[in-house]
Student: 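Dropping the structure in here first, questions after.
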Amino acid sequence: MFIGLRAHSATLIQRFEDNFELISKTNDAIFKRRAVRCFQDTWFKPDSGDISFTDRFKAAAKKRSVLLDSGQVSPANGIVKMAEAEPEEVEHLFVDALFAEDQGNLQPCQDLYAPIGSG
């Protein structure tokens, strides 16, 4: 299941690294690279399956605060709290939604929920 995401992720990270000089001249993006690398190194290491989803997510998201959090909300902490309460369910949703075989195509999900929002 993770093979497609690994290949896609590796391609994106390689493109980012190949263009890092250009990106860093126009944008202070080093924190983004560190966050991506932290996630990739944690999530895809060979023994990551031996770690609980909650602990793996905490470790993978350790350097994400600049990317996700604002002064008022912290989405990653919300995921951790939900995973502590319902670890199997949150892991299932995380894996099936984010690491799906369609490599993140959100259109089927949007099509599924669109009638709910319009009614």
Side-chain angles (χ1 to χ4, degrees):
M1 180 180 299
F2 293 119
I3 294 171
L5 179 66
R6 284 184 186 159
H8 185 65
S9 175
T11 300
L12 290 176
I13 290 170
Q14 188 60 51
R15 286 183 185 169
F16 184 81
E17 289 176 348
D18 290 347
N19 294 292
F20 185 72
E21 289 300 319
L22 174 65
I23 294 167
S24 63
K25 287 179 184 174
T26 58
N27 185 2
D28 183 21
I30 192 72
F31 66 92
K32 294 175 187 174
R33 185 170 185 245
R34 288 180 183 146
V36 168
R37 178 62 62 196
C38 179
F39 182 88
Q40 184 182 42
D41 289 349
T42 303
W43 204 263
F44 298 119
K45 67 182 179 181
D47 64 345
S48 66
D50 299 336
I51 304 168
S52 75
F53 172 80
T54 304
D55 290 340
R56 189 174 49 192
F57 184 83
K58 282 184 205 177
K62 184 169 53 177
K63 296 189 179 189
R64 74 13 189 146
S65 64
V66 177
L67 298 174
L68 297 177
D69 299 345
S70 72
Q72 298 168 334
V73 296
S74 177
N77 287 339
I79 293 170
V80 169
K81 294 294 182 192
M82 289 185 287
E84 288 171 346
E86 299 284 341
E88 294 83 16
E89 180 68 17
V90 174
E91 181 174 15
H92 168 71
L93 293 170
F94 190 86
V95 170
D96 288 347
L98 296 179
F99 296 127
E101 293 297 324
D102 63 8
Q103 298 181 345
N105 179 5
L106 297 177
Q107 194 60 51
C109 185
Q110 291 172 337
D111 292 344
L112 178 66
Y113 291 109
I116 296 170
S118 63

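Here the structure is a predicted model, which is why all the values come from computation and not from measurement.
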Student: At their closest point, which heavy atom of Cys38 faces which heavy atom of Ala59, and how far apart are they?
Tutor: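 For Cys38 versus Ala59, the nearest heavy atoms are SG-O, 3.4 Å.
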Student: For Asn77, enumerate each residue passing the side chain to side chain donor-acceptor pair (under 3.5 Å) test, keeping only those at least two apart in sequence or located in another chain.
Tutor: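 Side chain to side chain donor-acceptor pair (under 3.5 Å) list for Asn77, sorted by chain: Arg64, Ser74.
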Student: Please find the pair of heavy atoms, one from Ala60 and one from Trp43, that lie closest to each other, and give the distance.
Tutor: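 So the two residues come closest at CB-CE3, 3.9 Å.
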Student: Apply side chain to side chain contact (heavy atoms under 4.5 Å, CB included) to Asp47 and list each qualifying residue two or more places apart in sequence or on a separate chain.
Tutor: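 Asp47 satisfies side chain to side chain contact (heavy atoms under 4.5 Å, CB included) with Lys45, Asp50 once adjacent residues are dropped.
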Student: Which residues pass the side chain to side chain contact (heavy atoms under 4.5 Å, CB included) test with Ala83, sequence neighbours left out?
Tutor: Phe53, Thr54, Val90
Student: Going by side chain to side chain contact (heavy atoms under 4.5 Å, CB included), name the residues that satisfy it together with Asp55, two or more places apart in sequence or in a different chain.
Tutor: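 Side chain to side chain contact (heavy atoms under 4.5 Å, CB included) list for Asp55, sorted by chain: Ile51, Ser52, Lys58.
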Student: Measuring from atom CG of Leu93 to atom CD of Glu88, what distance do you get when rounded to the nearest 0.5 angstrom?
Tutor: 11.5 Å
Student: Return the set of residues passing salt bridge (charged side-chain N to carboxylate O under 4.0 Å, His left out) with Glu91 (not counting sequence neighbours), or none when no residue passes.
Tutor: Arg56
